[in-house]
Amino acid sequence: MYTIKLLLFIAPLVISSRIDQDYSSFDSVSPEPKSRFAMLDDVKILANGLLQLGHGLKDFVHKTKGQINDIFQKLNIFDQSFYDLSLQTNEIKEEEKELRRTTSRLQVKNEEVKNMSLELNSKLESLLEEKILLQQKVRYLEDQLTNLIKNQPEIQEHPEITSLKTFVEQQDNSIKDLLQIVEEQYRQLNQQHSQIKEIENQLRRTGVQESTENSLSSKPRAPRTTPSLHLNETKNVEHDDIPADCTIIYNRGEHTSGIYSIRPSNSQVFNVYCDVTSGSSWTLIQHRIDGSQNFNETWENYKYGFGRLDGEFWLGLEKIYSLVKQSKYILRIELEDWKDNKHYIEYSFHLGDHETNYTLHLVEIAGNVPNALPEHKDLMFSTWDHKAKGHFNCPESNSGGWWCHDVCGENNLNGKYNKAKAKTKPERRRGICWKSQNGRLYSIKSTKMLIRPTDSENSE
């Protein structure tokens with residue numbers, strides 16, 4: 001640019017000097033050779049200026065060409081990014097379509113299962129009505145039979161009564177089978193409902209961007225992120241100044257073991273035994289010392305608890321779940337054998353609700369006795385009258401409710417209490433026992449199962 005300006009400044013001067021020379025020729029005629037050399041100098045100056053102008057234009061063209069190449073490269077990068085974003089948008093649309101199709105199929109299946117459940121319920125109601133009528137008839141016939149026996153002791157039972165009893169027993173068995181089928185259908189309905197809820201939540205998350213998808217189709221879109229879910233991370237909550245667990249009671253200055261009232265989050269008030277040892281307070285959920293309490297109880301009793309808090313007891317699965325859902329908890333098992341040797345083992349654990357049969361998931365963290373419970377597996381709770389899927393024979397062969405996996409283990413701290421050593425292996429297997437992975441079987445005199453939050457102070 002500087003060269004162009006110089007040439008533009010020099011050219012008028014050259015031209016004006018040439019014009020002045022032409023006008024002066026009219027006044028005074030100079031010699032011809034001098035005029036010829038003056039014109040040559042002017043041409044040289046003009047040529048030199050044009051040459052410099054050409055060099056300046058050449059540099060300018062090179063710079064412009066480089067800038068154009070940079071612009072083209074940036075445009076190519078933008079086109080590639082836009083193409084990649086278009087592919088991602090198409091993939092997301094396909095996933096959304098697939099989710100909608102899956103939701104439709106699940107809804108159809110849910111309706112079918114609901115219809116089947118309604119049919120089963122209606123059949124069950126009719127069977128129950130028939131059972132009630134038959135029971136009334138049987139009672140009437142039994143009364144008549146009793147009167148006949150009193151009047152004629154040697155008379156034999158009438159065949160019609162025998163057939164009626166047999167028929168009633170068959171009806172009872174049919175009703176029990178139908179009840180089991182209804183329970184299974186109810187469980188499947190809950191699973192289907194959970195799946196539908198999960199898919200609806202996914203569709204809601206994808207539907208947030210559906211309204212702006214058309215307007216943003218030509219613009220880059222940031223990837224969607226799903227917030228991570230943290231199970232059992234809620235802190236303890238107090239209601240009406242009633243503590244949520246034994247740890248809060250201990251932090252308030254109550255350092256004596258005993259029975260206290262607590263109310264976990266979203267739960268009713270109930271009593272627990274707080275065991276204070278080594279500078280921390282544990283909630284006792286199971287205690288056995290002398291065999292005074294029968295532990296071969298029903299599912300309902302294991303769900304809500306039984307026994308005496310100042311003796312042998314089981315706190316109850318619902319109460320335990322209401323405690324551990326507040327935060328992360330540690331499970332501690334304390335054992336004492338017949339030689340007064342004391343052992344313990346601690347686990348970090350997760351406990352499911354009643355819909356999962358209170359599934360237990362364990363990870364060992366400390367202890368002075370070999371581990372005997374399966375780790376990193378889902379252990380489902382079973383009793384003799386409530387058999388989790390895959391554990392049909394465990395409650396009969398191992399008395400008392402307990403957590404089992406795919407096989408019936410020999411570690412049942414709720415089993416039959418044997419005072420002193422059992423004489424035979426089958427009887428020993430039915431008692432309170434702890435069989436380690438190395439095969440050693442501990443005969444247990446007393447047991448404790450305790451829990452406390454992981455974030456509470458532990459000075460052991």
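Predicted, not measured: the structure shown is a model, and the values here were computed from it.
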Margin query: So, using salt bridge (charged side-chain N to carboxylate O under 4.0 Å, His left out) as the criterion, who are the partners of R105 when residues are at least two apart?
Written below: E98
Check: How close do S281 and T247 get, heavy atom to heavy atom, and via which atoms?
Finding: O-OG1, 3.9 Å
Notebook entry, point to check: To the nearest 0.5 Å, what is the distance between NZ (K319) and OG (S267)?
Noted result: 9.0 Å
Notebook entry, point to check: Short question: side chain of W299, backbone of F381 - any donor-acceptor pair under 3.5 Å?
Noted result: no
Checklist line | Value rounded to 0.5 Å, distance of CD in Q286 from CG in L284 | finding: 8.0 Å
Next item on the list: State, with a plain yes or no, whether a side-chain heavy atom of E297 is found less than 4.5 Å away from one of T383.
Entry: no
Checklist line | CD-CG distance between Q80 and N76, expressed to the nearest 0.5 angstrom | finding: 9.0 Å
Checklist line | Considering all heavy atoms, the nearest A244-L323 contact | finding: O-CD2, 3.5 Å
Check: Is there a donor-acceptor contact under 3.5 Å from the side chain of Y417 to the main chain of I289?
Finding: yes
Margin query: Using a 3.5 Å distance criterion without hydrogens, assess whether the side chain of E334 forms a donor-acceptor pair with backbone atoms of K448.
Written below: no
Margin query: A side-chain contact here means heavy atoms from C-beta on lying under 4.5 Å apart; do R100 and T103 qualify?
Written below: no
Checklist line | Closest non-hydrogen atom pair between I259 and Y273, with its separation | finding: CG1-CD1, 3.9 Å
Next item on the list: Any chance you could measure D385, atom CG, to Y302, atom OH, to the nearest 0.5 Å?
Entry: 10.5 Å
Notebook entry, point to check: Are F295 and W314 close enough that their ring centers fall under 6.0 Å?
Noted result: no
Check: Given the rule in the side-chain contact (heavy atoms from CB on, under 4.5 Å) test, do L331 and I285 qualify, once you have shown the distances and angles that lead to the verdict?
Finding: CA-CA 10 Å; L331 170 66; I285 63 172; 4.2 Å; yes
Checklist line | Closest non-hydrogen atom pair, G258 against Y260 | finding: O-CD1, 3.3 Å
Next item on the list: Output the distance between atom CG (L99) and atom OG (S104), rounded to the nearest 0.5 Å.
Entry: 10.5 Å
Notebook entry, point to check: Do Y140 and Q144 have side-chain atoms, one donor and one acceptor, less than 3.5 Å apart?
Noted result: yes
Check: If you measure from CG on L133 to CG on L128, what distance do you get to the nearest 0.5 Å?
Finding: 11.0 Å
Item checked: Donor-acceptor contact below 3.5 Å, side chain R332 vs main chain R452 -> no
Next item on the list: For this output row, return yes or no: ring centroids of Y250 and H255 closer than 6.0 angstrom.
Entry: yes
Next item on the list: May I ask you to decide if G291's main-chain N or O and E312's side chain share a donor-acceptor pair within less than 3.5 Å?
Entry: yes
Notebook entry, point to check: Are K123 and E119 within salt-bridge range, i.e. N to O under 4.0 Å?
Noted result: no
Next item on the list: Verify, without hydrogens or angle tests, whether E375 (side chain) and E364 (backbone) share a donor-acceptor contact under 3.5 angstrom.
Entry: yes
Notebook entry, point to check: Stepwise, does the side-chain contact (heavy atoms from CB on, under 4.5 Å) test hold for F306 with N294?
Noted result: CA-CA 9 Å; F306 56 85; N294 179 22; over 6 Å; no
Next item on the list: State, with a plain yes or no, whether a side-chain heavy atom of I262 is found less than 4.5 Å away from one of F270.
Entry: yes
Next item on the list: Would you check if D353 and K325 make a side-chain contact, meaning some heavy-atom pair closer than 4.5 Å?
Entry: no
Checklist line | N/O donor-acceptor pair under 3.5 Å between S257 side chain and V276 backbone | finding: yes
Note to self: Side chains of Y329 and L351, heavy atoms from C-beta outward: is any pair under 4.5 Å?
What the structure shows: no
Margin query: For a 4.5 angstrom cut-off between non-hydrogen side-chain atoms, does W402 reach L379?
Written below: no
Margin query: Check whether N412 reaches the backbone of N414 with its side chain - one donor and one acceptor, N or O, closer than 3.5 Å.
Written below: yes
Next item on the list: Mark yes or no for whether S280, through its side chain, and T277, through its backbone, hold a donor-acceptor pair below 3.5 Å.
Entry: yes
Check: Looking only at heavy atoms, what is the nearest atom pair of G400 and N296, with distance?
Finding: N-OD1, 3.2 Å
Check: Taking side chain as C-beta onward, heavy atoms only, is P453 less than 4.5 Å from D245?
Finding: yes
Checklist line | Heavy-atom pair of closest approach, residues F349 and L362 | finding: CB-CD2, 3.7 Å
Notebook entry, point to check: Is the closest side-chain heavy-atom distance between E129 and I132 below 4.5 Å?
Noted result: no
Next item on the list: Step by step, work out the side-chain contact (heavy atoms from CB on, under 4.5 Å) result for L317 and H354.
Entry: CA-CA 8 Å; L317 292 165; H354 68 95; over 6 Å; no
Check: Side chains of E94 and N90: is there a donor and an acceptor less than 3.5 Å apart?
Finding: no
Next item on the list: With side-chain contact (heavy atoms from CB on, under 4.5 Å) as the test, would you mind laying out the steps for L315 and F313 before giving the verdict?
Entry: CA-CA 6 Å; L315 183 61; F313 72 94; 4.2 Å; yes
